Amino acid sequence: MRRIRQLSTATLLFGVFATVAPAIEPASLPSGPSFRLETEIYQNKANEPSARHKILFDSGVMYDLQEQGGNVHTVFDPARGRVILLHTTQQVQTEISTQHLIDITAQLKVAAQQHGKSESFGIDAEVKQTGEEYTVAFGNCRYHTTTQPAPRAELAAAYHELTIWAARLNALRRVGTPPFGRLALGHKLAADGRLPLDMTLSIDRGVSQQHYRAHHLLLEQLSELDRRAIAAVGEQLASFQKVSLEAFPSDD
């Protein structure tokens with residue numbers, strides 16, 4: 001997969017702080033709030049979404065379940081120092097350590113700075129705020145989002161943590177736009193205790209422009225169906241064949 005060959009939905013959904021960080025010492029048990037975030041992705045002027053994600057937060061573990069537009073579920077389990085990708089049709093899985101994701105993202109930042117790419121990669125991009133709307137622009141990319149207040153501070157913190165790992169995973173897999181401008185936007189939203197509502201990404205390619213929009217719906221509690229979905233992921237973790245990241249299939 002080549003950077004900016006196609007936009008990962010996770011690139012549009014997530015983003016926060018991703019520079020050098022210390023090694024993580026996994027806690028004995030993960031902890032955190034339980035809630036759901038539903039996201040629909042629209043391309044250009046389409047009226048129907050090209051992708052749908054159901055993101056379940058449960059006691060410190062985050063499940064990004066692709067319901068349309070892909071076959072990969074992602075389990076973010078930072079307390080245990082791991083991120084797991086599950087391919088639901090080929091029934092394989094791969095595990096990545098969170099420390100590896102930290103290292104890769106830090107290396108990407110250093111390489112961009114050394115090659116004079118700080119501006120185009122958005123490393124020093126400034127987030128601008130107008131009321132409840134936020135914008136960040138870098139290179140040929142521009143993010144703009146309306147926002148909603150997080151009902152409880154712990155929900156904003158949990159979403160903040162999800163965006164950290166999703167951004168680092170994108171950096172590892174070389175998916176989507178350079179991450180750092182989007183990360184700055186996510187960091188600002190988290191600091192203000194807000195969540196995205198409608199986020200757009202515009203990419204100017206000279207002769208044409210690409211537009212992506214993500215609509216987010218927050219539900220403060222998990223339903224019985226959500227609990228069943230989490231249990232199904234547990235069964236997949238137990239039964240799917242383990243493969244290396246290089247052998248893990250992509251949906252390109």
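Side chains are part of it too, since the values below use all heavy atoms of this structure and drop only hydrogens, waters and symmetry mates. Please read these numbers as outputs of a predicted model, since none were measured by experiment.
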Nearest atoms (heavy-atom pairs only) where P249 meets R173: O-NH2, 4.3 Å

Presence of salt bridge, K54 and E38, under 4.0 angstrom: no

H160 and H187 aromatic ring geometry - parallel, tilted or perpendicular at 30°/60° bounds: tilted

Under 3.5 Å donor-acceptor, T163 side chain and G186 backbone: no

Chi angles and distances behind the side chain to side chain contact (heavy atoms under 4.5 Å, CB included) call for V83, T74: CA-CA 7 Å; V83 174; T74 307; 3.8 Å; yes

Residues H87, N71; criterion side chain to side chain donor-acceptor pair (under 3.5 Å); working and verdict: CA-CA 6 Å; H87 200 286; N71 301 293; 4.6 Å; no

Considering all heavy atoms, the nearest H73-Q66 contact: ND1-N, 3.2 Å

L101 and I96: CA distance, side-chain angles, deciding distance, side chain to side chain contact (heavy atoms under 4.5 Å, CB included) verdict: CA-CA 8 Å; L101 296 181; I96 307 159; 3.7 Å; yes

Shortest non-hydrogen contact between R82 and T98, atoms and distance: N-CG2, 3.5 Å

Note, Q129 side chain near D192 side chain (heavy atom, < 4.5 Å): yes

Identified side chain to side chain contact (heavy atoms under 4.5 Å, CB included) counterpart of F180 within the set V136, T105, L185: T105

Sidechain N-carboxylate O distance under 4.0 Å for E220, R152: yes

Atom pair NE2 (H211) and NZ (K45), whose distance is rounded to the nearest 0.5 Å: 7.5 Å

Distance, nearest 0.5 Å, that separates NZ of K188 from OG1 of T135: 12.5 Å

Side chain proximity check, I123 to K109, heavy atoms < 4.5 angstrom: yes

For Q209 against N44, the heavy-atom pair lying closest together: O-OD1, 4.2 Å

Main-chain N/O of S223 paired to D226 side chain as donor or acceptor, under 3.5 Å: yes

Nearest heavy-atom neighbours spanning M199 and P196: CE-CB, 4.0 Å

Passing candidate, side chain to side chain contact (heavy atoms under 4.5 Å, CB included) with Q93, options V243, V75, L85, L86: L86

Close side-chain approach of D198 and R213, heavy atoms under 4.5 Å: yes

Donor-acceptor contact below 3.5 Å, side chain Q113 vs main chain H115: no

T147 side-chain N/O to E132 backbone N/O, donor-acceptor pair under 3.5 Å: yes

Any donor-acceptor N/O pair, Q68 side chain to P49 backbone, under 3.5 Å: yes

D58 vs S34, side chain to side chain donor-acceptor pair (under 3.5 Å): CA-CA, chis, key distance, verdict: CA-CA 4 Å; D58 189 31; S34 296; 2.7 Å; yes

Verdict with reasoning, H53 to E67, per side chain to side chain contact (heavy atoms under 4.5 Å, CB included): CA-CA 6 Å; H53 286 241; E67 297 192 315; over 6 Å; no

Value rounded to 0.5 Å, distance of CG in N170 from CG in L108: 11.0 Å

Co-membership, hydrophobic cluster, residues F76 and L245, 4.5 Å side-chain: yes

Separation of Q90 CD from F240 CZ (nearest 0.5 Å): 10.5 Å

Whether E119 side chain and G139 backbone form a donor-acceptor pair below 3.5 Å: yes

Residues which pass ring pair (Phe, Tyr, Trp, His ring centres under 6.0 Å) with F57, listed by chain and number, not counting sequence neighbours: F35

Flag side-chain contact, heavy atom, 4.5 Å: E133 against T145: no

Check: Y212 and T200 side chains under 4.5 Å, non-hydrogen atoms: no

Taking every non-hydrogen atom, the tightest pair across L218 and Q148: CB-OE1, 4.3 Å

Exam field: side chain N140 to backbone R205, donor-acceptor pair closer than 3.5 Å: no

Value rounded to 0.5 Å, distance of CG in D64 from CG in L162: 7.0 Å

Distance (rounded to the nearest 0.5 Å) between L37 CG and L56 CG: 9.5 Å

Check ion pair R142-D204 (N to O, under 4.0 angstrom): no

Short N-O contact, K242 and E95, less than 4.0 angstrom: no

Contact check, side chains of L222 and R227, non-hydrogen atoms, under 4.5 Å: yes

Polar side-chain atom of E154 near backbone of P33 as donor-acceptor pair, under 3.5 Å: no

Close side-chain approach of Y143 to V127, heavy-atom, < 4.5 Å: no

Residues E40 and Y42: side-chain donor-acceptor under 3.5 angstrom: yes

Trace of the side chain to side chain donor-acceptor pair (under 3.5 Å) decision for Q107 with D103: CA-CA 6 Å; Q107 291 166 15; D103 294 342; 5.5 Å; no

Check: W165 and P78 side chains under 4.5 Å, non-hydrogen atoms: yes

Donor-acceptor pair, side chain of H216 and main chain of L197, under 3.5 angstrom: yes

Test side chain to side chain contact (heavy atoms under 4.5 Å, CB included) applied to L65 and I55, step by step: CA-CA 6 Å; L65 310 181; I55 307 164; over 6 Å; no

